[in-house]
Amino acid sequence: MKTLQAVRGMHDILPDDSAAWQWLESILKTQFEAYGYEEIRTPLVEQTELFTKAMGQSTDVIEKEMYALQARGDAHLSLRPEGTAGVVRAVLQHGLLNPPGLKAWYCGPMFRYERPQKGRQRQFYQAGLEAFGIEGPSIDAELIALISRIWRALGIDRHVVLEINSLGDRADRAQYRETLLDYLTPLRDQLDEDSQRRLDLNPLRIFDSKNATTQAIMLDAPKLSDALGPSARTHFEQLCGCLDALDINYTINPGLVRGLDYYGRTVFEWKTEQLGAQGTICAGGRYDELIEMQGGRATPGIGLAMGMERLLELIRDQQQGGFKTSPDAYLVSALAAEHTLAIAERLRTDGPALRLIADLQGGSFKAQFKRADRSAARWALVLGDDELEQGTITVKDLRGNAEQLTLNLNQAAEWLEQNRPG
RNA sequence: GUGGGCGUAGCUCAGGGGUAGAGCACUGGAUUGUGGCUCCAGCGGUCGUGGGUUCAAAUCCCAUCGUCCACCCCA
């Protein structure tokens with residue numbers, strides 16, 4: 001019989017990997033909540049219109065990468081390609097912006113129909129933060145400080161750099177767009193093919209081009225930073241001041257733009273050299289107009305998202321394994337199943353914190369001990385006719401040279417708990 | 001969507017028209033109540049899938065699926 005495979009670009013997280021995931025998730029959750037963010041979980045499926053309105057019709061994510069569903073009835077549904085739109089929808093639907101301050105975090109799978117490559121899959125996990133209702137740059141700085149703290153907790157701060165920029169307000173961008181077009185249109189023929197296409201769609205993105213000639217042209221292009229209005233400029237300068245005061249390293253990248261249309265003012269991105277072409281591990285920015293666009297009362301917002309798989313790949317390079325937790329004890333038994341199970345349950349009741357595996361595969365002691373060893377358990381607990389008769393259990397140290405000892409069953413769980421490693 | 005590399009045992013890979021291989025892992029034994037080290041034996045693959053060429057295809061050709069890398073895009 002032919003066995004089926006997972007669909008393209010969607011990967012299983014196997015037991016050997018899940019310990020690292022849990023470790024990462026627990027660090028993120030701890031830090032998010034330490035800063036007052038609360039978890040929000042929204043559906044994987046939303047009305048397609050939510051994403052097209054929020055993210056911009058002409059962005060690639062909308063144009064080419066959405067997973068549209070063939071749903072019953074005439075509803076147009078899509079798998080979510082990012083987290084912010086759904087969070088904003090939920091927040092408005094449930095009136096959570098009244099009063100208008102809210103800090104939320106999320107973590108879950110996102111879907112984009114792209115060609116898979118290193119650091120890019122069709123189903124991937126993002127963890128993200130959204131903070132609503134704070135207009136000043138202090139929240140921008142706090143968010144950046146929080147993420148910097150996370151990099152330190154994960155042990156990857158040496159391998160990531162922070163870039164920031166300001167996209168200005170909507171009017172600034174519209175005006176700058178014209179200025180940029182005036183500069184680029186006469187040079188159109190010298191741009192690479194992709195950038196010529198972007199000239200019509202989203203000229204700001206031409207700054208992202210990897211083509212050498214295009215880059216040279218963009219070097220002399222008018223700068224967005226010169227087009228900022230006084231209000232956006234002050235916001236950005238204050239943010240830089242906060243970051244300096246917090247001793248956070250950053251570089252201002254005037255070419256840093258976002259792929260989603262809802263961003264304005266502050267944008268930022270952490271990159272690494274270690275992951276090949278997909279080097280961005282966390283990115284975000286302000287979306288002060290998004291809530292109003294979605295039909296809510298005008299409320300400033302800022303958010304970011306990080307790619308979990310990319311983070312894990314970075315972490316894997318730093319720490320070799322070490323995430324797995326091993327069981328405390330592995331029960332080896334020659335007794336009938338009802339006795340084995342009864343004694344295992346007894347130990348679990350007496351020692352609620354114990355991690356105990358009972359060997360239910362059976363077979364010779366040799367085979368059971370082999371599995372006990374493979375389980376990485378600290379102790380093997382041995383049950384045979386002698387132990388059953390005397391109401392005892394034999395404890396063998398699998399990770400050291402301690403003498404094998406016999407414990408009364410009444411005290412066994414307590415002894416094991418007290419002698420747990422770590 | 002474009003270009004290139006790769007799919008052979010659970011894993012890592014060798015083999016490139018003529019009987020399907022190695023190491024590790026796994027199972028059993030040496031050791032009938034004791035794992036790890038050693039030794040011995042064994043299990044395990046319609047060579048990704050479907051077509052084609054050939055007396056003969058894992059091997060050559062075509063298609064397709066998957067995977068990896070880059071472009072693009074982005075977390």
Side-chain angles (χ1 to χ4, degrees), chain A residues 1-11 14 16 55 59-66 81-84 107-129 147 160 192-195 197-198 201-202 205 208-211 256-260 268-272 275-285 303-314 330 332-335 359 361 363-388 394-401 404 406:
Chain A
M1 185 171 123
K2 198 165 63 179
T3 57
L4 295 175
Q5 300 177 313
V7 318
R8 177 168 212 203
M10 304 199 179
H11 299 301
L14 300 175
D16 275 351
M55 299 166 70
T59 58
D60 273 33
V61 174
I62 292 297
E63 248 185 334
K64 308 190 300 207
E65 299 172 2
M66 285 258 280
E82 58 100 56
T84 300
C107 181
M110 307 296 165
F111 303 85
R112 291 183 197 174
Y113 191 88
E114 299 182 275
R115 190 91 172 252
Q117 72 179 79
K118 188 181 178 70
R120 188 169 82 181
Q121 40 280 129
R122 290 182 171 184
Q123 175 178 329
F124 60 101
Y125 283 75
Q126 279 188 342
L129 296 169
I147 298 302
V160 299
D192 61 278
E193 203 179 315
D194 285 314
S195 294
R197 190 172 47 81
R198 283 186 284 215
L201 256 52
N202 189 352
R205 288 215 65 91
D208 282 346
S209 175
K210 291 175 186 175
N211 180 284
L256 180 66
V257 296
R258 303 272 55 186
L260 309 179
F268 43 83
E269 193 164 319
W270 281 267
K271 296 176 179 172
T272 177
L275 296 181
Q278 311 297 328
T280 299
I281 56 167
C282 179
L304 58 80
M306 52 191 104
M308 300 287 278
E309 286 85 354
R310 292 180 186 179
L311 275 178
L312 279 163
E313 205 160 326
L314 259 191
Y330 191 100
V332 166
S333 172
L335 303 179
D359 190 302
Q361 281 179 262
S364 67
F365 266 27
K366 182 188 172 73
Q368 294 192 46
F369 265 95
K370 218 166 173 172
R371 288 193 285 269
D373 184 52
R374 261 199 316 255
S375 80
R378 172 67 197 279
W379 293 293
L381 307 179
V382 190
L383 277 181
D385 293 331
D386 297 347
E387 284 86 355
L388 183 64
T394 300
V395 178
K396 174 172 178 150
D397 185 355
L398 293 173
R399 310 294 149 201
N401 301 316
Q404 184 161 311
T406 301

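All values reported here derive from a predicted model rather than from experimental measurement. Here is the naming used below: chain letters follow the sequence lines, and residue numbers restart at 1 for every chain. We use all heavy atoms of the structure for the numbers below, so side chains are in, but hydrogens, waters and symmetry mates are not.
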Opposite nucleotide pairing with [N], Watson-Crick or G-U, both atom distances under 3.5 Å:
N     : result
B:C55 : B:G18
B:A70 : B:U2
B:U34 : none
B:G23 : B:C11
B:U64 : B:G48
B:C39 : B:G29

Could you measure the distance from the [atom1] atom of [X] to the [atom2] atom of [Y]? Nearest 0.5 Å is fine.
X        : Y        : atom1 : atom2 : value
A:Leu311 : A:Gln126 : CG    : CD    : 10.5 Å
A:Arg122 : A:Arg8   : CZ    : CZ    : 5.0 Å
A:Met66  : A:Arg112 : CE    : CZ    : 11.0 Å

Is it the case that [N] (base atoms only) and [X] (side chain only) share a donor and an acceptor within less than 3.5 Å, ignoring hydrogens and angles?
X        : N     : answer
A:Lys370 : B:G36 : no
A:Gln121 : B:C74 : no
A:Lys396 : B:U34 : yes
A:Arg120 : B:C72 : yes
A:Arg371 : B:C26 : no
A:Gln404 : B:G33 : no

For this session: For A:Phe369 and B:U34, say yes or no: do the ring centres fall under 5.5 Å of each other while the ring planes differ by less than 30°?
Result: yes
Problem set entry | Side-chain donor-acceptor pair present, A:Thr394, A:Glu387, cut-off under 3.5 Å | yes
Using a 4.0 Å heavy-atom cut-off, does [X] contact any base of the nucleic acid, only the sugar-phosphate backbone, or nothing at all?
X        : answer
A:Ala334 : nothing
A:Ile281 : sugar-phosphate
A:Gly363 : nothing
A:Gly119 : base
A:Glu193 : nothing
A:Tyr125 : nothing

Could you tell me whether the phosphate oxygens of [N], OP1 or OP2, come under 4.0 Å of any side-chain nitrogen or oxygen in [X]?
X        : N     : value
A:Arg115 : B:C68 : no
A:Arg310 : B:C74 : no
A:Lys210 : B:C71 : yes

Sticking with atom [atom1], work out how far [N] lies from [M], rounded to a whole angstrom.
N     : M     : atom1 : result
B:C71 : B:G17 : C1'   : 38 Å
B:G44 : B:U38 : C1'   : 24 Å
B:C65 : B:U49 : P     : 16 Å
B:C37 : B:C26 : P     : 9 Å
B:G23 : B:C40 : P     : 11 Å
B:U27 : B:G52 : P     : 43 Å
B:G16 : B:C47 : C1'   : 12 Å
B:A25 : B:U12 : P     : 15 Å

Exercise. Mapping A:Lys64 and A:Ala305 onto RNA chain B by nearest heavy atom, which one lands closer to the 5' end?
Worked result: A:Lys64
For this session: Take A:Met306 and A:Asp192, find for each the nucleotide of RNA chain B with the closest heavy atom, and name the residue whose nucleotide sits nearer the 5' end.
Result: A:Asp192
Exercise. When you measure from the side chain of A:Lys366, which nucleotide among B:G33, B:C74, B:G35 comes out closest?
Worked result: B:G35
Exercise. Side chain of A:His11: nearest nucleotide among B:U67, B:C74, B:C65?
Worked result: B:U67
Interatomic distance where [atom1] belongs to [X] and [atom2] belongs to [N] [whole Å]:
X        : N     : atom1 : atom2 : answer
A:Gln117 : B:C74 : CD    : C1'   : 10 Å
A:Asp385 : B:U32 : CG    : C1'   : 14 Å
A:Gln368 : B:U27 : CD    : P     : 12 Å
A:Leu275 : B:C68 : CG    : P     : 14 Å
A:Arg374 : B:C26 : CZ    : C1'   : 8 Å
A:Arg197 : B:C71 : CZ    : P     : 15 Å
A:Arg8   : B:U67 : CZ    : P     : 6 Å
A:Tyr330 : B:G36 : OH    : P     : 14 Å

Exercise. Any ion pair linking A:Lys370 and A:Asp373 (charged N to carboxylate O, less than 4.0 Å)?
Worked result: no
Counting distance only, does the side-chain N/O of [X] pair as donor-acceptor with the main-chain N or O of [Y] below 3.5 Å?
X        : Y        : value
A:Arg120 : A:Arg115 : yes
A:Glu82  : A:Met110 : no
A:Arg310 : A:Gly119 : yes

Exercise. Are the side chains of A:Leu383 and A:Leu388 in touch, meaning some heavy atoms are under 4.5 Å apart?
Worked result: no
